[in-house]
Amino acid sequence: MNARMLIENFQEFAKSRNIDRPTMMSILDDVFRTMIRKRFEDDSNFDVIINPDNGDLEIWRNREIVDDDSEDIWDFDKIPLAEAQKIEPDFEVGESVAEPIKIEDFGRRAVLLARQTLIQRVKDMERDNLYQKYKDLVGEIITGEVYQVWSREALILDKDENELVLPKSEQIPKDRYRKGDTVRAVVHRVDVVNGAPKVILSRAAPAFLERLFEQEVPEIYDGLITIKNVVREPGERAKVAVESYDERIDPVGACVGMKGSRIHPVVRELMNENIDIINFTDNLELFIARALSPAKVGSMKISELTGRVSVFMKPDQVSLAIGRGGANIKLASRLVGMEIDVFREAIDYEEDIALEEFSDEIEAWIIAELKKIGLDTGRAVLAVKKDDIVRRTELEEETVDDVYRIIRQEFADDEDLTTDEASTPTTDNTPAAE
């Protein structure tokens, strides 16, 4: 491979990778000088002239002529008079000699190594550019195209065809991708694996929801409304605490928009994730009550020393506060930064019976299912509609009917509890989706 072919091949490769001309020239010069140093130990007395347009390469070795008996004849930038006169008979001591060096003189192996080095240098530069670019984009939304889908991750290409990774753990559970689909995600982090950057995207991170609101709500983008905290169970439920320093702006209303016009695009992007918008306040008790929405809190005891909150509410509100699978209380705890414990208000507690007392007639796993949604006593179970229990647990209607029958028998002598009161709660407790 001669110099022209080497430069032309590299030029085509560099253009395919969008390498600009100054950078390409710098890489070529550096690689050829590396070749020179390997053969001549020093390149300071060499001139490298490259014309990538026509593939020309000129390498000139400059040396000073010294007397044949001089002690300097072994210096890298000196040449004995006798050797110089072989190049040009008229040369004299003290003059300079510019000797052309052909790339073929370095040997075939050196030329092939130079070609590999040129390609590797471009790839290294691409890796560095990718790292620098996405290091500054962490926490920002980017749009890409699905190139390939595997069981544990999806490969995404950005507009410059850089490869990005969207792991299964960072996807919304309802996400389903096919090659060619357009994906929006937030840049979660940039890892370095075996010297190469690996850009990790996320659709499950709270930052993704935060950036979506910035795009849909101008007041957030302009700084008139501040997002104080975001917590999520991806694809299921999220809570967002917002605050406005302008009393004329209702932060919750601004985020929801007229008839939900602002929040609906966010909900659709998150695969119908239920989003509770909460007005932030420094009043911790009020903030906790808002965080447990849609449940209504009766009273609470806050222990800042232990970081726990005991919340007391009516029996029919306990299941709302806990939520399906405990999602609501978990998110509320994370939003306020304290562990929240929900208790049924002790109304007629002495006349109530703990579910464990029915263990001889009700199986343990059924009791466990009821306690998951905050129903830990007989009266608490009877205060909730059958449909609500079936929807919130794994129990079937026939099983719930049996539980009602067993508990009612125990309270049969209670004059304050009629059959109608036992089977019909006062309210229909269904969480409201924002």
Side-chain angles (χ1 to χ4, degrees), residues 206 209-210 213 226-244 250-253 255-256 263 266-267 270 272-347 349 369-377 379-381 383-385 388-389 391-393 425-434:
L209 176 53
E210 189 172 345
F213 268 113
T226 301
I227 296 178
K228 302 294 290 186
N229 195 10
V230 177
V231 292
R232 296 178 63 194
E233 288 291 332
E236 296 295 331
R237 197 180 191 103
K239 291 182 181 288
V240 183
V242 295
E243 182 180 29
S244 173
D250 171 22
V252 175
C255 291
V256 174
I263 199 172
V266 178
V267 171
L270 300 180
N272 295 323
E273 188 171 308
N274 290 325
I275 303 174
D276 297 332
I277 309 296
I278 298 164
N279 203 341
F280 178 81
T281 175
D282 291 325
N283 184 328
L284 183 57
E285 187 170 334
L286 179 57
F287 187 42
I288 293 171
R290 290 173 177 174
L292 286 170
S293 174
K296 295 179 180 179
V297 175
S299 61
M300 68 179 71
K301 294 180 181 179
I302 301 174
S303 174
E304 295 187 5
L305 183 63
T306 61
R308 302 189 76 90
V309 183
S310 297
V311 178
F312 301 89
M313 53 182 61
K314 294 180 180 180
D316 61 345
Q317 297 296 307
V318 172
S319 60
L320 288 177
I322 294 175
R324 187 175 182 84
N328 194 58
I329 195 170
K330 288 177 184 176
L331 290 176
S333 298
R334 286 158 52 190
L335 188 71
V336 303
M338 302 184 78
E339 287 293 328
I340 300 176
D341 300 313
V342 175
F343 298 95
R344 186 180 60 84
E345 288 181 338
I347 300 175
Y349 184 78
E369 282 291 318
L370 293 170
K371 294 183 73 173
K372 281 182 182 179
I373 61 172
L375 306 180
D376 55 357
T377 67
R379 292 186 184 275
V381 173
V384 182
K385 279 186 176 181
D388 197 20
I389 294 178
R391 179 170 57 87
R392 294 176 178 276
T393 67
T426 58
T427 58
D428 182 7
N429 303 311
T430 304
E434 291 284 0

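Basis for what follows: all heavy atoms, side chains included, without hydrogens, waters or symmetry-related copies. Here, residue 1 is the first one in the sequence, and each next residue gets the next number.
Contact check for Phe343 versus Val311: no side-chain heavy atoms found under the 4.5 Å cut-off. Using a 4.5 Å heavy-atom cutoff, the side chains of Val381 and Leu370 are in contact. Between Phe312 and Val342 the shortest side-chain heavy-atom distance does not fall below 4.5 Å. Side chains of Phe213 and Ile275 form a contact here, defined as non-hydrogen atoms less than 4.5 Å apart. Contact of the Val318 side chain with the Val384 side chain is not registered, since no non-hydrogen atoms from C-beta on lie closer than 4.5 Å. Between Val309 and Asp341, the closest side-chain pair of non-hydrogen atoms is not below 4.5 Å.
Taking each heavy atom of Leu292 and Ala321 in turn, the nearest pair found is CD2-O, 4.2 Å. When all heavy atoms of Ala291 and Val336 are compared, the closest pair comes out as CB-CG1, 3.9 Å. Residue Asp316 comes nearest to Ala383 through the heavy atom pair CB-O, 4.4 Å, listed as atom of the first residue, atom of the second, then distance. The two residues Leu209 and Ala238 have their closest heavy-atom pair at CD2-CB, 3.7 Å.
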- [ ] Start with the C-alpha gap between Glu233 and Arg334, add the side-chain angles, then the distance that decides, and say whether salt bridge (Lys or Arg N to Asp or Glu O under 4.0 Å) holds.
- [x] CA-CA 11 Å; Glu233 288 291 332; Arg334 286 158 52 190; 3.2 Å; yes

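The backbone N or O of Glu273 lies less than 3.5 Å from no partner atom in the side chain of Arg232, so there is not a single donor-acceptor pair. No donor-acceptor pair under 3.5 Å is formed between the side chain of Lys296 and the backbone N or O of Gln317. Looking only at distances, no side-chain donor or acceptor of Lys239 sits under 3.5 Å from a matching main-chain atom of Asn229. In this structure a side-chain-to-backbone donor-acceptor pair under 3.5 Å is missing from Thr226 to Lys228. Of the possible donor and acceptor atoms, none in the side chain of Ser310 sits under 3.5 Å from a partner among the backbone N and O of Met300.
Note: Ile288 CD1 to Ser293 OG = 14.5 Å, rounded to the nearest 0.5 Å. Note that the CZ atom of Arg324 and the CG atom of Asn274 stand 12.0 Å from one another [nearest 0.5 Å]. Atom OG of residue Ser299 and atom CE of residue Met313 lie 9.0 Å apart, to the nearest 0.5 angstrom. A distance of 15.0 Å separates OG1 of Thr393 from NZ of Lys371, quoted to the nearest 0.5 Å. From Glu369, atom CD reaches atom CD1 of Ile389 across 11.5 Å, with rounding to the nearest 0.5 Å. Within the model, atoms CG of Leu320 and CD1 of Ile329 stand 12.0 Å from one another, a figure rounded to the nearest 0.5 Å.
For the pairing with Leu331, the side chain to side chain contact (heavy atoms under 4.5 Å, CB included) check across Val231, Val230, Asp276 returns one residue only, Val231. The side chain to side chain contact (heavy atoms under 4.5 Å, CB included) test with Pro251 is passed by exactly one of Ile278, Ile227, Asn279, Ile277: Asn279.
Looking only at atom types and distance, the side chain of Asn328 has a donor-acceptor partner in the side chain of Arg237 under 3.5 Å away.
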